Protein chains: 2
Amino acid sequence: MTLDNLLKTLHTAKCRMTSQRRTIIDVLLANENTLLSADHLLKLCQQKNPDINTTTVYRNLELLDALKLMYTVNIDRNTMGYKLVCHDYHHHHMICLICGKMEAIEYCPISPDLIDQATARGFSITNHNLELYGYCHTCHTDLL
Amino acid sequence: MTLDNLLKTLHTAKCRMTSQRRTIIDVLLANENTLLSADHLLKLCQQKNPDINTTTVYRNLELLDALKLMYTVNIDRNTMGYKLVCHDYHHHHMICLICGKMEAIEYCPISPDLIDQATARGFSITNHNLELYGYCHTCHTDLL
DNA sequence: CTATAAATGCAAATGACTGGCAATAAGGAG
DNA sequence: CTCCTTATTGCCAGTCATTTGCATTTATAG
């Protein structure tokens, strides 16, 4: 996701560029390979711009999500992880259980064959998810 | 999952069998192919035994989870779905977006090859998830 | 039968997130 | 540049699923 793309999409949607929104976008771009909780994102934003509020962060995440610019997954039982979508084509991710770093896997296991099997059993499949969890190199080294 | 198995595991863990716990287990067994929210489970339990409390349901779900007897997935942004684990061997599920019915898929796409790719990129994978979402036959028919 | 440790119920707390509303400010029109 | 419309923000109170503290009850080993 490029800054240009983001700005263009926001402009088309008649959204205005406030300093808060700009900070949030900058931080999201700087962390485009990491799943951030709303709280973590807020803290990172406040380092750049103390005038930023929890509600504002949530509302911007909601906006970006509505514009299909966000990827969200549950980090744990009750917290969502947010990041900008990274490519246009369908793919999955590996996620570090410690730092939240994500890397794309250019692979989707959902073959037509699997869909057919599901259909044969009366299920019409609309979507799916697949995530690999583990430890990234940095965090794995820290564990030892 | 059989009742016998459950009772045995609970006994080994020095857990006591109360009427509330028994009701919860019965309802979970009767719905072993359906993802239930805590609230839905509570309501089903109360039909059998009005003397049952939200906290008790949560505490029993937590216990069964700690004993590795539960399977949990997020139903939506802020609600967990719970069901008993169903087999001993590794597999995945199709989940109905409307009624929560789940069916096992005897298939796991995570090949040694994929793990190798991840390793080559510095990730050590510990686990993964895969769920197919869609509509089961009954709910799909109802939609039309 | 009794002691003890597990389990329950209640009410209050938590924590992520949302909504109402008044105040502020972006940015296009003129 | 100024004005006006309307998006956006901040604050605060509210939700909703889930958890915790604590006093009370109850299962079960001995």
Side-chain angles (χ1 to χ4, degrees), chain A residues 6-28 35-46 48-67 69-70 72-83 100, chain B residues 6-28 35-46 48-67 69-70 72-83 100:
Chain A
L6 279 167
L7 297 184
K8 207 166 294 174
T9 310
L10 286 169
H11 191 258
T12 311
K14 298 194 207 309
C15 299
R16 295 175 185 172
M17 188 50 57
T18 63
S19 73
Q20 292 92 330
R21 176 163 296 160
R22 187 53 204 261
T23 305
I24 292 168
I25 286 174
D26 286 345
V27 172
L28 284 173
L35 262 191
L36 298 176
S37 67
D39 192 57
H40 190 184
L41 175 58
L42 173 68
K43 292 210 164 56
L44 291 175
C45 289
Q46 286 177 330
K48 295 196 156 204
N49 178 353
D51 287 342
I52 207 160
N53 180 282
T54 311
T55 312
T56 304
V57 166
Y58 278 109
R59 278 199 275 238
N60 275 283
L61 287 173
E62 186 189 15
L63 172 70
L64 294 172
D65 192 54
L67 296 173
L69 297 171
M70 293 299 295
T72 60
V73 216
N74 272 86
I75 290 181
D76 63 42
R77 232 181 177 63
N78 60 338
T79 311
M80 285 305 256
Y82 305 86
K83 76 185 276 295
Chain B
L6 279 167
L7 298 184
K8 207 165 295 175
T9 309
L10 286 169
H11 190 258
T12 311
K14 298 196 207 309
C15 299
R16 296 175 184 171
M17 188 49 57
T18 63
S19 73
Q20 293 92 331
R21 175 162 297 160
R22 188 52 205 264
T23 306
I24 292 168
I25 287 173
D26 286 345
V27 172
L28 285 172
L35 262 191
L36 298 176
S37 67
D39 192 57
H40 190 184
L41 175 58
L42 173 68
K43 291 208 166 57
L44 291 174
C45 288
Q46 286 176 331
K48 295 196 156 207
N49 178 353
D51 287 343
I52 209 160
N53 179 282
T54 311
T55 312
T56 304
V57 166
Y58 277 107
R59 278 201 275 238
N60 275 282
L61 288 172
E62 186 190 15
L63 172 71
L64 294 171
D65 192 53
L67 296 173
L69 297 171
M70 292 299 295
T72 60
V73 215
N74 272 84
I75 291 180
D76 63 43
R77 229 183 176 63
N78 61 340
T79 312
M80 285 303 257
Y82 305 87
K83 76 183 276 295

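Every heavy atom of this structure was used, including side-chain atoms; hydrogens, water molecules and symmetry mates were not. Here is the naming used below: chain letters follow the sequence lines, and residue numbers restart at 1 for every chain. Because the structure is a prediction, the values reported are computed rather than measured.
- Comparing B/Thr18 and B/Gly81 by the nucleotide of DNA chain D that holds the closest heavy atom to each, the one mapping nearer the 5' end is B/Gly81.
- Nearest-nucleotide positions on DNA chain C place B/Leu63 closer to the 5' end than the other of A/Met17 and B/Leu63.
- What separates NE2 of A/His11 from C1' of C/dA26 is a distance of 11 Å, to the nearest Å.
- Within the nucleic acid shown, B/Arg21 comes within 4.0 Å of sugar-phosphate atoms alone, with no base atom in reach, counting heavy atoms only.
- Between B/Thr55 and B/Ile24, the residue anchored nearer the 5' end of DNA chain C, judged by the nucleotide with its closest heavy atom, is B/Ile24.
- Not a single donor-acceptor pair, N or O on each side, falls under 3.5 Å between the base of C/dG28 and the side chain of A/Arg16.
- Judged by distance alone with a 3.5 Å cut-off, no donor-acceptor contact links the side chain of A/Arg77 to the base of C/dG15.
- Counting heavy atoms from C-beta on, the side chains of B/Met17 and B/Ile25 come closer than 4.5 Å.
- The side chain of A/Gln20 approaches D/dG10 more closely than any other nucleotide in the set D/dG10, D/dT8, C/dA16.
- Between A/Asp51 and A/Thr23 the shortest side-chain heavy-atom distance does not fall below 4.5 Å.
- Residue contacts for B/Asp39: at a heavy-atom cut-off of 4.0 Å it reaches no nucleic acid atom on any strand shown.
- A 4.5 Å side-chain heavy-atom check between A/Arg21 and A/Leu63 finds at least one atom pair inside the cut-off.
- Contact check for B/Leu28 versus B/Leu64: side-chain heavy atoms found under the 4.5 Å cut-off.
- One can place CZ of B/Arg59 at 11 Å from C1' of C/dA6, the figure rounded to the nearest angstrom.
- Summarising the geometry, the separation between CD1 on A/Ile52 and P on D/dC11 is reported as 12 Å, rounded to the nearest angstrom.
- Taking atom CG of residue A/Asp65 and atom C1' of nucleotide C/dT18, one finds them 15 Å apart after rounding to whole Å.
- In this structure, CE of A/Met80 is placed 14 Å from C1' of C/dT18, rounded to the nearest angstrom.
- The separation between B/Arg22 atom CZ and D/dA27 atom C1' is 15 Å, rounded to whole Å.
- A straight line from CD of A/Glu62 to P of D/dA7 spans 15 Å, rounded to a whole angstrom.
- Here C/dG15 presents its C1' atom at 14 Å from CG of A/Leu42, a figure rounded to the nearest Å.
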